[in-house]
Amino acid sequence: LPTRSMPAVWILAAILSTLVGAGSLSLAQSDARADETDITVRDYLSGNGLLNRGLYELAAVEYRKFLSQHGDHEKAAVARYGLAVSLFRLGQFDEAVAELQKAIELSPGSSAFTANLAYAYAVSGKRDKAVDILNELKDRSPGASSNFPQIALVYVGLDERDQAMAWLEKAYAERTITAATWPDSL
């Protein structure tokens, strides 16, 4: 997802690498054990591979194909997230937001999907909506360190780097993220 400065890119990369099964950096890795003989996930896995290679238009085509044929599959929520990331990177913000909302409907407890929706709102100029979701994430489970990286992501989108770093430091202190999640380079 686009950011406003290089330090924010580093923050975002660290956050995305912690989102279990939901970050574009980990989509292919999370499915490394998927049954490759299952023809129903072929388009989904293809979308993941294309997304991870930065081929967003092609990834969107594969995700859409998968979702049109298998919209009720157990991977549908993550496929919608992958489609949202692809659309977001293509500058199709409204479509990306719609896909994130559908992903949340399929997986209502996902703080990762919810935080990414808030991030999308923030960077597309819908600050009030982003702040509402941010407050919801904070209230969802006060003190739950598992939400700290997601809260930091929203602050990145709001361009509040000090707050983002503070929440990442909390996450690190609680071992929600580790030094291994920080990238060597982008």
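Model, not experiment: these values are computed from the prediction.
- Applying the salt bridge (charged side-chain N to carboxylate O under 4.0 Å, His left out) rule to pairs touching residues 145-155 yields nothing, sequence neighbours excluded.
- With rounding to the nearest 0.5 Å, the separation of OG in S110 from OH in Y81 is 9.0 Å.
- For R127, the side-chain contact (heavy atoms from CB on, under 4.5 Å) criterion is met by V131, L158, E160, not counting sequence neighbours.
- How far CG of L90 is from CD of E95: 10.0 Å, rounded to the nearest 0.5 Å.
- Of the inter-residue distances, the one linking Y172 atom OH with E174 atom CD reads 12.5 Å to the nearest 0.5 angstrom.
- Side-chain contact between K138 and W167 is present, with at least one heavy-atom pair separated by less than 4.5 Å.
- Put simply, the side chain of L106 reaches to within 4.5 Å of the side chain of R80, judged on heavy atoms.
- Taking CZ from F148 and NZ from K170, the interatomic distance works out to 6.0 Å, rounded to the nearest 0.5 Å.
- Checking I133, V156, L100 one by one against Y119, the side-chain contact (heavy atoms from CB on, under 4.5 Å) holds for a single residue, V156.
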Yes or no on ring pair (Phe, Tyr, Trp, His ring centres under 6.0 Å) for F66 and H73, after CA distance, side-chain angles and deciding distance?
-> CA-CA 9 Å; F66 171 77; H73 193 277; 5.4 Å; yes
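- Under the 4.5 Å side-chain criterion, counting only non-hydrogen atoms from C-beta, Y155 is not in contact with R161.
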V123/F88 under side-chain contact (heavy atoms from CB on, under 4.5 Å): CA gap, chis, key distance, verdict | CA-CA 10 Å; V123 299; F88 196 90; 2.9 Å; yes
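- In terms of the salt bridge (Lys or Arg N to Asp or Glu O under 4.0 Å) criterion, residue partners of D94 (sequence neighbours excluded) are, by chain and number, K126.
- For K129, there are no side chain to side chain donor-acceptor pair (under 3.5 Å) partners, not counting sequence neighbours.
- Remark: A59 engages L50, L51, Y63, S86 in a side-chain contact (heavy atoms from CB on, under 4.5 Å) (not counting sequence neighbours).
- V154 and A130 get closest at one heavy-atom pair: CG1-O, 4.1 Å.
- Closest approach of S107 to A77, counting heavy atoms only: CB-CB, 4.1 Å.
- Looking at I151, L153, T114 one by one, the single match for side-chain contact (heavy atoms from CB on, under 4.5 Å) with L134 turns out to be I151.
- Pairs passing the salt bridge (charged side-chain N to carboxylate O under 4.0 Å, His left out) check and including a residue from residues 44-62, sequence neighbours excluded, read E62-K65.
- Here L87 contributes atom CG and Y56 contributes atom OH; the two are 12.0 Å apart, rounded to the nearest 0.5 Å.
- Shown here are the side-chain contact (heavy atoms from CB on, under 4.5 Å) partners of Q101, two or more places apart in sequence or in another chain: V97, L117, Y121.
- For S111, the side-chain contact (heavy atoms from CB on, under 4.5 Å) partners two or more places apart in sequence, or in a different chain, are L137, R140, N147, Q150.
- Counting only residues at least two apart or on different chains, no salt bridge (charged side-chain N to carboxylate O under 4.0 Å, His left out) pair has a member in residues 106-124.
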